[in-house]
Number of protein chains: 2
Amino acid sequence: MFKVSNSSKPKVYQGVLEELRAYIKDNHLLPGDKLPSERELADKLQAGRSSIREALRALELLGLIETRRGEGTFLRTYQSLQSVELLSSFILLADRTKDELLQVKAMIEKEAVKLACPKLDETALLELDASVSKEITREEKHMIFFSYLFKKANNQLLLKIWMMLEEFSSSLPVAYYGKTFYNQLMELLSKKDCYAIEALFEQQDHQLYD
Amino acid sequence: MFKVSNSSKPKVYQGVLEELRAYIKDNHLLPGDKLPSERELADKLQAGRSSIREALRALELLGLIETRRGEGTFLRTYQSLQSVELLSSFILLADRTKDELLQVKAMIEKEAVKLACPKLDETALLELDASVSKEITREEKHMIFFSYLFKKANNQLLLKIWMMLEEFSSSLPVAYYGKTFYNQLMELLSKKDCYAIEALFEQQDHQLYD
DNA sequence: AGTTGCAGGTGGTCAGACCACTAGAGCGTA
DNA sequence: TACGCTCTAGTGGTCTGACCACCTGCAACT
């Protein structure tokens with residue numbers, strides 16, 4: 001025999017999601033507005049409170065709503081990137097080669113540098129230089145250096161992805177960029193020479209895994 | 001008095017998510033493998049079954065797991081968000097987030113092209129050209145074109161991240177690259193001119209949101 | 001051997017019970 | 001009146017126990 005269908009019955013929590021969408025639309029709710037309480041929803045939608053909660057938790061994880069204990073559930077002001085972290089972490093769980101991870105990480109770092117480049121003024125360069133000159137481990141230097149650049153690059157999504165990759169690669173015996181790399185990069189940044197930056201990273205790619 | 005912190009206690013279901021991630025990692029579970037039953041998890045993790053379920057439903061909505069009644073819960077290859085159209089209609093992404101998303105996506109596409117470039121022989125270019133010449137929508141063309149390139153780029157991780165971003169942005173009213181873009185790119189690919197490719201993408205960035 | 005039917009495990013759902021927390025009404029005092 | 005306190009109703013957070021529907025595998029039966 002063969003299965004007639006694997007879709008079977010729709011689940012209650014999915015119906016709740018539909019209803020919620022309709023409710024938000026019909027009542028013209030905007031970010032920040034309050035949703036009905038869980039008990040009220042359970043009553044209105046003829047569902048158990050736990051089913052309501054399953055739907056709400058899913059929405060919360062996606063960053064669409066925010067719950068405040070003792071107050072209620074609210075539409076979120078803006079779409080946070082909360083779910084990206086979770087997704088990334090699970091995607092990265094699958095067996096990945098070290099090469100792929102490092103390749104992507106280096107790629108993102110390069111692009112961040114290029115994004116930050118036009119936004120670095122004299123002051124910023126000095127700050128950056130100061131932070132790298134400290135007597136710290138290569139790992140710390142790497143973190144501080146790029147964290148600063150990512151801040152300037154002003155792209156939260158890129159930062160999140162980078163941090164995830166950083167976390168996953170931290171368990172690997174990874175060689176960071178060479179000692180002279182940061183100094184060379186500083187120089188190119190002050191010249192705002194994007195093409196040379198591109199080239200500098202190209203070189204690094206080949207000696208990254210020493 | 002002032003609030004010490006608004007983060008308050010972490011919720012149980014979030015802890016469950018963490019534990020699940022660790023479990024999957026430690027046991028080297030692959031897509032298709034079975035997770036422990038809800039009752040077993042509740043017992044192991046010292047949590048109520050409802051909390052376990054809240055975590056699982058969230059993962060299900062994200063498309064990371066699949067549940068089969070009477071059988072169990074299974075890890076799944078990340079394919080797509082469940083009911084994206086539903087979720088996207090809840091809230092439109094904030095402009096800022098949208099910009100970031102498109103920026104990162106374009107960046108990844110560019111890098112994929114550059115990775116694929118040296119691996120494209122005569123035959124591959126012909127295949128690629130044929131697939132783009134078809135009479136299809138711009139959206140389909142975009143997907144087919146880059147899917148092929150990502151395959152050649154041979155970096156699964158990059159591909160996954162790209163698909164994730166594609167998924168998120170699919171609900172946005174996004175203009176794809178201009179009509180001539182793909183043809184120009186084809187030409188540069190046959191010349192293997194990486195720097196020109198870089199430049200081509202630079203141009204696109206500015207007219208992406210027409 | 002082939003079929004049937006039952007038992008145990010699994011997800012799906014609900015109701016009810018607490019707890020911790022918040023906001024606001026109401027009261028009292030200065 | 002104005003301030004500050006307490007108490008209460010309402011909210012999310014969590015757990016438990018109870019069913020149901022469904023699937024699988026095994027055992028008994030034909």
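Residue numbers begin at 1 in each chain, while the letters A, B, ... track the order of the sequences. Hydrogens, waters and symmetry mates are skipped; everything else that's a heavy atom, side chains included, is used. Keep in mind it's a predicted model, so treat the numbers as computed, not measured.
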field: Selection residues 109-118 of chain A - residue pairs positive for salt bridge (Lys or Arg N to Asp or Glu O under 4.0 Å), sequence neighbours left out
entry: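 Residue pairs passing salt bridge (Lys or Arg N to Asp or Glu O under 4.0 Å), neighbours aside: A/Lys105-A/Glu109, A/Lys110-A/Glu198, A/Lys110-B/Glu111, A/Glu111-A/Lys114, A/Glu111-B/Lys110, A/Lys114-A/Glu198, A/Lys114-B/Glu198.
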
- prompt: Got a sec, which pairs hit salt bridge (Lys or Arg N to Asp or Glu O under 4.0 Å) with one end in residues 115-132 of chain A, sequence neighbours left out?
  reply: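 Pairs touching residues 115-132 of chain A that pass the test: none.
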
message: Which residues pass the ring-ring contact (aromatic ring centres under 6.0 Å, His included) test with B/Phe146, not counting sequence neighbours?
response: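 B/Phe146 satisfies ring-ring contact (aromatic ring centres under 6.0 Å, His included) with B/His142 only.
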
Between atom [atom1] in [X] and atom [atom2] in [N], what is the gap in whole Å?
X	N	atom1	atom2	value
B/Glu54	D/dG13	CD	C1'	8 Å
B/Glu71	D/dA21	CD	P	18 Å
A/Lys11	C/dG12	NZ	C1'	8 Å
B/Arg68	D/dC22	CZ	C1'	13 Å
A/Leu45	C/dC14	CG	P	10 Å
B/Leu41	C/dT10	CG	P	10 Å
B/Leu56	C/dG12	CG	C1'	12 Å
B/Glu66	C/dG11	CD	C1'	13 Å

Other residues, nucleotides, ligands: >12 heavy atoms within 6.0 Å of B/Lys151 NZ: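 Result for NZ/B/Lys151: open.
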
message: Does A/Lys192, at its NZ atom, have more than 12 non-hydrogen atoms belonging to other residues, nucleotides or ligands within less than 6.0 Å?
response: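 Yes, NZ of A/Lys192 has more than 12 neighbouring heavy atoms, counting only those of other groups under 6.0 Å.
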
field: With A/Glu40 via salt bridge (charged side-chain N to carboxylate O under 4.0 Å, His left out) - residues at least two apart
entry: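 Only A/Lys44 meet the salt bridge (charged side-chain N to carboxylate O under 4.0 Å, His left out) criterion with A/Glu40.
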
message: I'd like to compare against my own output: the B/S/- annotation of nucleotides 15-20 of chain D with a strict under-4.0 Å heavy-atom distance to protein.
response: BB-BB-

- request: Give me the one residue out of A/Tyr177, A/Tyr182, A/Phe150, A/Phe181 that meets ring pair (Phe, Tyr, Trp, His ring centres under 6.0 Å) with A/Phe145.
  value: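 Among A/Tyr177, A/Tyr182, A/Phe150, A/Phe181, the one that satisfies the ring pair (Phe, Tyr, Trp, His ring centres under 6.0 Å) with A/Phe145 is A/Tyr182.
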
message: From C-beta outward on A/Glu38, which listed nucleotide comes closest to its side chain: C/dA23, D/dG13, C/dG11?
response: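 Per side-chain heavy atoms of A/Glu38, the pick is D/dG13.
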
query: Can you tell which of D/dT14, C/dT10, C/dG12 lies closest to the side chain of B/Ser37?
result: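 From the listed options, C/dT10 comes nearest.
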
query: In what stems does DNA chain D take part, counting only runs of at least 3 consecutive Watson-Crick or G-U pairs whose two distances fall under 3.5 Å?
result: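 For DNA chain D the paired stretches long enough to count as stems (3 pairs minimum) are C:1-30 with D:1-30.
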
task: Please answer whether the main-chain N or O of B/Thr137 pairs with a side-chain N or O of B/Glu140 as donor and acceptor at a distance below 3.5 Å.
output: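 Checked: pair present.
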
query: Side-chain N or O of B/Thr73 less than 4.0 angstrom from OP1 or OP2 on C/dT10?
result: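 B/Thr73 to C/dT10 OP1/OP2: no side-chain N or O under 4.0 Å.
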
task: Go through B/Lys11 and B/Ser51 one step at a time and tell me if the side-chain hydrogen bond (donor to acceptor under 3.5 Å, both in side chains) criterion holds.
output: CA-CA 9 Å; B/Lys11 299 176 186 176; B/Ser51 292; over 6 Å; no

